[in-house]
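Structure record follows, encoded as structure tokens.
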Amino acid sequence: MGAVFPDNRLPAHGADADTVLARMGELRADDRDWKGGRVFSLVYSAGDAVHDILQRASNLYSAENALNTMVFPSLGWMQHDIVTITAGLLGADQVAADGTGDVGGYLTSGGTESLLQATKTARDWGRASDRPIERPNMVLATSGHAAFEKAAHYFDVESRRVPVGLDFRADLDAMANAIDDNTVLVVGSAPSYPHGVIDPIPELAALASERGILCHVDACMGGFILPFLGQLGHVTKRWDLSVPGVTSISADLHKYGYGSKGVSVVLYRTRELARLQPFITNNWLGGLYGSPSMAGTRPAGPIAAGWAVLHYLGNDGYLRLAEDAWGAAATIRGSIERAPGLAVRGDPDATVFAFGGEPVQAGSPVGGIDTFALGDHLADRGGWYFDRQSPPDSLHATVHAGHAAVAADLAADITAVAAELAASGATAANRDTTYGTE
Ligand SMILES: Cc1ncc(COP(=O)(O)O)c(C=O)c1O
């Protein structure tokens, strides 16, 4: 193999396809077993049949470029269809019925880019307002996604982080106090990544609209599961564009939409606001360059796969997957809540949650369980992988439909490992947290 695949150097002679693919199979040996339901972040799985259609749709569009939909009108159509379907799931009909807008939006490459775009749009809206805001800030809870920091950094918008309440939700009074004349955007999450709780969106949106500023709901995580958990009666909170004062929202098709990686949707209550997002120039020698998002050339595969999975699953398919994820999350949460010394952090609203050792109570018969030791022991025992978060120390669980088949096994391992650690008091030497890598 060494001769055929020299490290970090283009081989002098190409290898045949089977040899290349076999080598990739070897390289994957140390990757985590997400297909077996062992990974609780990063990947979403709705089963082999869904993976199959994603692959077939991506293959069909592996070479096309969504930069110019006059050359590939099918990509223009699919993007429009995905945006319209998503708008329908996220309250656009109510907006039309209320006469408070005409929802429009765009596809982006993922949650991060949707948040970048929403922030840039808010900045540009502030600049263009009657009293131009030159040093804009956005107000968000400490639970808001890290991508908002990236947006703040890229677009020179101050990020005003406000500590969450004891329930890990945005603290309304503290958020209100952080808003000033330079605030362009108030942010809420539905749900938040770290603890899976839905912020009080109607109240946050009211805060924003009373001051005449924008409110973005980060439903990157919830956008393709909360509507179905709502239909099933599991979630009754209001969090989407149907809430007055919500001016934009993001939802990731590549998370609970079960699409391939590289596709998210950002929607605006009005077309006027949406029009601030695209970039257009002819200030060069190559002709008109119009682009709705960060990239120029855009891969068509994720768009095709995203369109395919929406139509393959339909409403009833998503309802089934939402129920599977809900059931799996309940099984796993139950084992944590029953294990002496362990706790779920806060009261998560959907299928994302964080858990770990409970603070030791005076006189408790159970020793304190070290959260990161729990993660290490679960990895050793069953190959279970949870991101480590802090503060407070916790293990992150994004539970999806693919976990339904393994939830009972994990619950049994949690029970066993918790008992072991309560007895041994073992602690993890490595205290590093993980989410993304450089
Ligand atoms: C609430 C929330 N917002 C934004 C993101 C960022 O999404 P992406 O990783 O697709 O960029 C995530 C990712 O998990 C998320 O949970």
Side-chain angles (χ1 to χ4, degrees), residues 34 39-45 82 86 90 106-120 138 140-154 159 161 164 168-170 185 187-199 201 204 215-226 229 235 237 239-240 246 248-267 293-295 298-299 302-303 305-306 325 329 345-346 348-354 385-389 394-400 433-438:
W34 63 268
V39 177
F40 286 80
S41 57
L42 303 164
V43 183
Y44 298 75
S45 170
I82 294 172
T86 308
L90 303 189
Y106 303 94
L107 294 198
T108 71
S109 60
T112 296
E113 193 186 351
S114 288
L115 301 183
L116 292 174
Q117 291 293 353
T119 306
K120 186 191 76 66
M138 61 181 159
L140 71 167
T142 42
S143 54
H145 196 269
F148 283 109
E149 295 307 302
K150 190 186 255 187
H153 180 68
Y154 282 5
S159 159
R161 291 277 182 171
V164 289
F168 297 106
R169 293 189 171 82
L185 184 65
V187 172
S189 303
S192 68
Y193 180 85
H195 301 98
V197 293
I198 300 177
D199 283 329
I201 301 298
L204 287 175
C215 174
H216 182 80
V217 174
D218 176 3
C220 286
M221 185 59 97
F224 284 94
I225 189 164
L226 291 179
L229 292 177
V235 171
K237 287 185 171 148
W239 53 274
D240 63 12
V246 172
S248 59
I249 191 164
S250 46
D252 292 0
L253 194 45
H254 70 197
K255 293 192 171 69
Y256 281 105
Y258 296 100
S260 298
K261 292 288 177 289
V263 59
S264 168
V265 180
V266 57
L267 299 172
S293 48
M294 302 292 168
R298 290 167 56 223
I303 298 170
R345 308 273 184 245
D349 288 295
T351 49
V352 174
F353 60 87
Y385 177 80
F386 299 94
D387 276 341
R388 297 152 161 234
Q389 316 183 136
S394 51
L395 302 178
H396 174 94
T398 292
V399 180
H400 55 68
T433 54
T434 46
Y435 177 80
T437 49
E438 271 173 61

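All values below come from the heavy atoms of this structure, side chains included, with hydrogens, waters and symmetry mates left out. Read the numbers this way: they start at 1 and go in the same order the structure lists the ligands and their atoms.
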Inset, instruction - Enumerate the atoms of ligand 1 whose separation from the nearest heavy atom of Y435 is less than 4.0 angstrom. - result: 13 (C), 14 (O)
Inset, instruction - Specify whether Y435 and H145 have parallel, tilted or perpendicular ring planes, treating 30° as the upper limit for parallel and 60° as the lower limit for perpendicular. - result: perpendicular
Legend entry - Geometric N/O contact S192 with ligand 1, under 3.5 angstrom: no
Legend entry - For atom 16 (O) of ligand 1, the protein heavy atom that lies nearest, with its residue and separation: Y193 CD1, 3.2 Å
Inset, instruction - Check whether any side-chain N or O of D199 sits under 3.5 Å from a backbone N or O of A170 as a donor-acceptor pair, and report yes or no. - result: yes
Inset, instruction - Provide, to 0.1 Å, the distance between atom 7 (O) of ligand 1 and the closest protein heavy atom, together with that atom's residue and name. - result: K255 NZ, 2.8 Å
Legend entry - Atom indices of ligand 1 within 4.0 angstrom of C220 heavy atoms, with elements: 2 (C), 3 (N), 4 (C)
Inset, instruction - Note the single closest protein heavy atom to atom 10 (O) of ligand 1, along with its residue, its atom name and the distance in Å. - result: H254 NE2, 2.8 Å
Inset, instruction - Kindly confirm or rule out an N or O of D218 lying under 3.5 angstrom from an N or O of ligand 1. - result: yes
Legend entry - Between T433 and Q389: side-chain donor-acceptor atoms closer than 3.5 Å: no
Legend entry - Ligand-side contact atoms (ligand 1) for residue partner D252, heavy atom cut-off under 4.0 Å: 7 (O), 10 (O)
Legend entry - For atom 15 (C) of ligand 1, the protein heavy atom that lies nearest, with its residue and separation: H145 CD2, 3.5 Å
Legend entry - Side chain, backbone, both or neither: E113 near ligand 1, heavy atoms under 4.0 Å: neither
Inset, instruction - State, to 0.1 Å, how close I201 and V246 come at their nearest heavy-atom pair, and which atoms those are. - result: CG2-CG2, 3.8 Å
Inset, instruction - Identify the protein heavy atom lying closest to atom 11 (O) of ligand 1, giving its residue, its atom name and the separation to 0.1 Å. - result: T112 OG1, 2.5 Å
Legend entry - V197 and F353, any side-chain heavy atoms less than 4.5 Å apart: no
Legend entry - 4.5 Å side-chain heavy-atom contact, I225 and K255: no
Inset, instruction - For H400 and T398, test the side chains for any donor-to-acceptor distance below 3.5 angstrom and give the result as yes or no. - result: no
Inset, instruction - Could you list which atoms of ligand 1 come closer than 4.0 Å to a heavy atom of G111? - result: 6 (C), 7 (O), 8 (P), 10 (O), 11 (O)
Inset, instruction - Please verify whether a non-hydrogen atom of K261 lies at under 4.0 Å from ligand 1. - result: no
Legend entry - Flag side-chain contact, heavy atom, 4.5 Å: L226 against I198: yes
Inset, instruction - Tell me which part of T398 gets within contact of ligand 1: side chain, backbone, both or neither, using heavy atoms under 4.0 Å. - result: neither
Legend entry - Side-chain ion pair, D252 and K261, N-O less than 4.0 Å: no
